[in-house]
Trainee: 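Quick one: the structure is below, and I'll ask about it shortly.
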Amino acid sequence: MLQVSFIRENREKVLEGLEKRHFSKTDLIDKILEFDKLRKRIQFQYNERLAESNRLSREIGKLFQNNQEKQANVLRDSSAILKERIIRLGNELFEHEQWLSRALLEVPNIPHELVKTGRSAQDNEIIDQQGALPSLKEGILTHWELAKKFQLINWELGVQISGSGFPVYTGQGARLQRALIEYFVNYNTHAGYLEYALPHLVNATSAQGTGQLPDKEGQMYHVSQDDLYLIPTGEVPLMNCFRDKLLQEQQLPLKITTYTPCFRREAGSYGVHVRGLNRLHQFDKVEIVQITTPETSYEALEEMVKHVKGLLNSLNLPFRILRLCGGDMGFTSAMTYDFEVYSAVQGRWLEVSSVSNCTNFQTHRLKLRYKNKAGKIQLCHALNASALALPRILASLLENYQSEDYIDLPEALVSFAGFKKITLPIS
RNA sequence: GGAGAGAUGGCCGAGCGGUUUAAGGCGCACGCCUGGAAAGCGUGUUCACCGGAAAUGGUGUCGAGGGUUCGAAUCCCUUUCUCUCCGCCA
């Protein structure tokens with residue numbers, strides 16, 4: 001959520017930024033400014049009337065104590081009249097505040113100046129590419145075929161106990177899941193990220209804090225009996241640890257990481273692009289978050305990009321980094337880098353990580369602030385990245401490292417998995 | 001799930017309709033005192049919003065949300081959380 005004061009002081013920049021996103025409701029911006037002016041005027045009057053009422057009450061109290069009941073009753077009558085006005089002004093103020101906060105919720109974050117205008121994925125800029133693209137060999141299999149052949153994933157079992165999109169990992173497949181989680185979390189904690197183990201169900205306030213509500217209501221699973229939501233990403237409980245917090249500048253940057261399963265309804269997704277591990281209702285992910293001062297958040301973004309780069313390099317996967325264009329970026333982000341790993345069999349790039357600087361967009365909703373050295377209180381900046389999401393990493397590992405009778409593991413994973421290669425099950 | 005007790009500032013803790021503009025203590029910051037320090041004394045010390053160039057003034061804030069009243073930390077209702085006991089349980 002943007003701050004009204006920011007919109008007021010940077011009206012042109014805001015409009016320009018929204019243009020980059022092809023955000024259509026730009027007239028909302030001027031309406032917000034107008035409503036805010038009105039709101040201030042009403043609040044001023046409201047405060048004045050309340051002050052008057054407080055004065056009267058104090059006087060009435062004194063009169064009663066001095067047994068001057070007659071005069072007290074006169075003041076009491078005038079106070080009643082004043083009260084009617086106060087209620088009217090209070091309602092008016094409330095309505096204006098409601099309208100403003102609802103309008104502000106509709107406005108996305110303003111992109112950084114480096115972010116290019118664009119409508120869709122085609123307009124994203126490729127800014128880096130590493131690792132040789134694997135060539136398409138004879139008899140090469142997709143990861144879902146490999147998972148079946150090596151009995152790493154049992155899709156039918158998942159359907160039997162839950163439905164499609166809920167894979168069951170077995171044997172070396174299950175062990176590999178555990179190894180990947182362990183490897184990623186270790187990699188993050190070694191880089192200074194503090195590990196959290198978090199609830200996987202959150203209340204509505206938390207879902208609102210990170211922006212899942214109200215915009216993405218339908219994409220989350222909801223437990224109606226207790227009014228809780230299954231988390232679509234670890235970012236939700238992780239960021240909400242800091243809701244309503246006032247930090248000291250010395251505490252920043254805060255670097256934190258968590259492993260969680262993620263639950264997404266993904267309603268209306270069909271076809272080859274969602275085959276296998278490409279899109280699931282439940283998957284595992286290790287997330288990293290940084291909370292910084294406004295001055296350092298873009299440095300932190302670069303640091304996180306480097307961090308994820310290192311992680312992918314250590315797995316020897318060919319990947320490229322994109323800077324997303326305005327139209328493809330998430331609602332809360334000011335700048336996002338996507339990491340994509342190449343799948344030779346599927347002939348396309350798979351998104352495995354998304355690194356975003358959300359500036360103060362989330363921290364405003366969360367009321368996450370810090371006191372700087374001069375004692376001034378301001379909003380923190382928040383950044384998040386996947387490091388990493390498991391399914392597509394597993395998919396690319398299987399597809400890129402496959403041989404006829406075995407699948408090699410990258411060196412980094414061997415000690416965590418306890419084996420050097422995935423082998424055919426003994427039938 | 002049942003019964004009871006509670007939630008007050010950075011922390012402890014009093015207040016249970018009107019000199020509360022939240023006592024008192026601890027902590028912290030600044031000043032005085034001192035050769036230096038301790039003690040002592042003095043001043044300040046939540047956060048949000050509104051007015052003001054600023055100094056500073058106003059409003060709200062005693063877990064949260066409603067209500068009663070001219071006036072609520074205090075009374076009533078709803079709700080969340082914490083503690084104790086019982087029950088159930090990995």
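A note on names: the letters A, B, ... follow the listed sequences, proteins ahead of strands, and every chain is numbered from 1. Hydrogens, waters and symmetry mates are skipped; everything else that's a heavy atom, side chains included, is used.
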Trainee: For T363(A), check side chain to side chain donor-acceptor pair (under 3.5 Å) against everything at least two apart and list the hits.
Mentor: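 Counting only residues at least two positions away or on another chain, T363(A) forms no side chain to side chain donor-acceptor pair (under 3.5 Å).
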
Trainee: Between the side chains of N73(A) and R76(A), is a donor N or O closer than 3.5 angstrom to an acceptor N or O?
Mentor: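 Result is yes, a qualifying pair exists.
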
Trainee: May I ask you to check whether S314(A) and Y187(A) show a side-chain donor-acceptor distance below 3.5 Å?
Mentor: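 Checked: S314(A)/Y187(A) side chains show no N/O donor-acceptor pair below 3.5 Å.
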
Trainee: Under a plain distance cut-off of 3.5 Å, with no hydrogens placed, do Y193(A) and Q290(A) share a side-chain donor-acceptor pair?
Mentor: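 Side-chain D/A pair, Q290(A) to Y193(A): present.
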
Trainee: Does this structure show an ion pair linking E303(A) with K255(A), if we count only N-O contacts that are shorter than 4.0 Å?
Mentor: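 Judged by the 4.0 Å cut-off on N to carboxylate O distance, E303(A) and K255(A) do form a salt bridge.
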
Trainee: Going by the rule side chain to side chain contact (heavy atoms under 4.5 Å, CB included), which residues pair with N240(A) if we only count those two or more places apart in sequence or in a different chain?
Mentor: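 For N240(A), the residues satisfying side chain to side chain contact (heavy atoms under 4.5 Å, CB included) (neighbours in sequence not counted) are S206(A), T210(A), V236(A), R243(A), L366(A).
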
Trainee: More 5' along RNA chain B: L56(A) or G61(A), using each one's nearest nucleotide?
Mentor: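 In this pair, the answer is G61(A).
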
Trainee: Go through the structure and list residues passing salt bridge (Lys or Arg N to Asp or Glu O under 4.0 Å) with K20(A), not counting sequence neighbours.
Mentor: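 If we apply the salt bridge (Lys or Arg N to Asp or Glu O under 4.0 Å) test to K20(A), skipping adjacent residues, there are no hits.
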
Trainee: Tell me: CZ of F64(A) to P of rU19(B), nearest whole Å?
Mentor: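 So the CZ-P distance, F64(A) to rU19(B), works out to 14 Å.
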
Trainee: When you measure from the side chain of S78(A) to the backbone of L75(A), do you find a donor-acceptor pair of N or O atoms at a distance under 3.5 Å?
Mentor: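 Side chain of S78(A) to backbone of L75(A): a pair is present.
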
Trainee: In whole Å, I'd like the distance from the CG atom of L379(A) to the C1' atom of rA48(B).
Mentor: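 That distance rounds to 12 Å.
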
Trainee: When the nearest nucleotide of RNA chain B is assigned to S53(A) and to K62(A) on a heavy-atom basis, which residue is associated with the more 5' position?
Mentor: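 With S53(A) and K62(A) compared, the 5'-side residue is K62(A).
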
Trainee: D244(A) CG to rG63(B) P: how many Å, rounded?
Mentor: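 Roughly 16 Å, once rounded to whole Å.
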
Trainee: For the P atoms, the ones on rU45(B) and on rG51(B), what distance do you get once it is rounded to whole angstrom?
Mentor: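 Each nucleotide's P atom is 23 Å from the other's.
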
Trainee: rG65(B) C1' sits how many Å from F94(A) CZ, rounded?
Mentor: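 In whole Å, rG65(B) C1' and F94(A) CZ are 11 Å from each other.
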
Trainee: Pairs of donor and acceptor atoms involving the side chains of residues 220-227 of chain A, under 3.5 Å and at least two apart or interchain, shall be tabulated with distances.
Mentor:
| from | atom 1 | to | atom 2 | distance (Å) |
| --- | --- | --- | --- | --- |
| Y221(A) | OH | H281(A) | ND1 | 3.3 |
| H222(A) | NE2 | D227(A) | OD1 | 2.7 |

Trainee: What is the distance, rounded to the nearest whole Å, between atom CG of L63(A) and atom C1' of rG71(B)?
Mentor: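 In whole Å, rG71(B) C1' lies 13 Å from L63(A) CG.
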
Trainee: Which residues within residues 71-79 of chain A lie with some heavy atom under 4.0 Å of an atom in RNA chain B?
Mentor: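 Listed by number, they are R76(A), S79(A).
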
Trainee: Using Watson-Crick and G-U wobble pairs whose two distances are both under 3.5 Å, how do you write the pairing of RNA chain B as dot-bracket, with | for links to another strand?
Mentor: ((((((((.[[[..)..(.....]]]((((((.......)))))).(((((....)))))..[[[[[..)....]]]]])))))))....

Trainee: Please identify each residue that fulfils side chain to side chain donor-acceptor pair (under 3.5 Å) with E34(A), with sequence neighbours left out.
Mentor: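 Here no residue qualifies.
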
Trainee: Distance between the C1' atoms of rC28(B) and rC11(B), in whole angstroms?
Mentor: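 Here rC28(B) and rC11(B) have their C1' atoms 11 Å from each other.
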
Trainee: Return the value, rounded to whole Å, for the distance between atom CD of Q251(A) and atom P of rG10(B).
Mentor: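 That distance rounds to 15 Å.
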
Trainee: Do the side-chain N and O atoms of E217(A) and Y229(A) include a donor-acceptor pair separated by under 3.5 angstrom?
Mentor: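 Note: E217(A) and Y229(A) side chains meet the donor-acceptor criterion.
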
Trainee: Provide the distance between the two C1' atoms, one in rA7(B) and one in rG15(B), to the nearest whole Å.
Mentor: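 Going atom to atom, C1' in each nucleotide, I get 15 Å.
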
Trainee: Could you state the CG-P distance from L246(A) to rA48(B), rounded to the nearest angstrom?
Mentor: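 Computing the L246(A):CG to rA48(B):P distance gives 8 Å.
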
Trainee: Can you list, by residue number, the residues of residues 359-377 of chain A that have a non-hydrogen atom closer than 4.0 angstrom to RNA chain B?
Mentor: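 Heavy-atom cutoff 4.0 Å gives R369(A), K371(A), I377(A).
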
Trainee: Per the side-chain hydrogen bond (donor to acceptor under 3.5 Å, both in side chains) rule, which among T332(A), T359(A), N357(A) passes with N109(A)?
Mentor: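 Output: one option passes, namely T359(A).
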
Trainee: I need the full list of side chain to side chain donor-acceptor pair (under 3.5 Å) pairs touching residues 408-424 of chain A, with sequence neighbours left out, sorted by first then second residue.
Mentor: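 Listed once each, the pairs would be none.
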
Trainee: For rA14(B) and rG24(B), measure between their C1' atoms and round to the nearest Å.
Mentor: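 Per the computed distance, 7 Å lies between those C1' atoms.
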
Trainee: For R21(A), what residues pass the salt bridge (Lys or Arg N to Asp or Glu O under 4.0 Å) criterion, not counting sequence neighbours?
Mentor: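 With sequence neighbours excluded, R21(A) shows a salt bridge (Lys or Arg N to Asp or Glu O under 4.0 Å) to no residue whatsoever.
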
Trainee: Could you tell me how far rC32(B) sits from rG17(B) if I compare only their C1' atoms? Round to whole Å.
Mentor: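 Here rG17(B) and rC32(B) have their C1' atoms 43 Å from each other.
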
Trainee: Taking the C1' atom in each of rG18(B) and rU69(B), what is the distance between them to the nearest angstrom?
Mentor: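 The answer is 12 Å between these two C1' atoms.
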
Trainee: Roughly how far apart, to the nearest Å, are rU61(B) and rC50(B) at atom C1'?
Mentor: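 Result for the C1' pair: 15 Å, nearest Å.
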
Trainee: How many whole angstroms separate atom CD of Q248(A) from atom C1' of rG10(B)?
Mentor: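 It works out to 10 Å between those atoms.
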
Trainee: Any side-chain N or O of K83(A) less than 4.0 Å from the OP1 or OP2 oxygen of rG71(B)?
Mentor: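 So the side-chain polar atoms of K83(A) do come within 4.0 Å of the phosphate oxygens OP1 or OP2 of rG71(B), strictly under.
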
Trainee: Say we look at rG52(B) and rU68(B): how far apart would their P atoms be, to the nearest angstrom?
Mentor: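 That atom pair is separated by 34 Å.
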
Trainee: List the atom pairs, donor and acceptor, that lie under 3.5 Å between side-chain atoms in residues 151-167 of chain A and the rest of the protein, sequence neighbours left out.
Mentor:
| from | atom 1 | to | atom 2 | distance (Å) |
| --- | --- | --- | --- | --- |
| N154(A) | OD1 | E156(A) | N | 3.2 |
| N154(A) | OD1 | L157(A) | N | 2.9 |
| E156(A) | OE2 | K148(A) | NZ | 3.3 |

Trainee: Spell out protein contact along nucleotides 49-58 of chain B as letters: B when the base is contacted, S when just the sugar-phosphate is, - when no protein heavy atom is under 4.0 Å; keep the 5' to 3' order.
Mentor: BSS------B

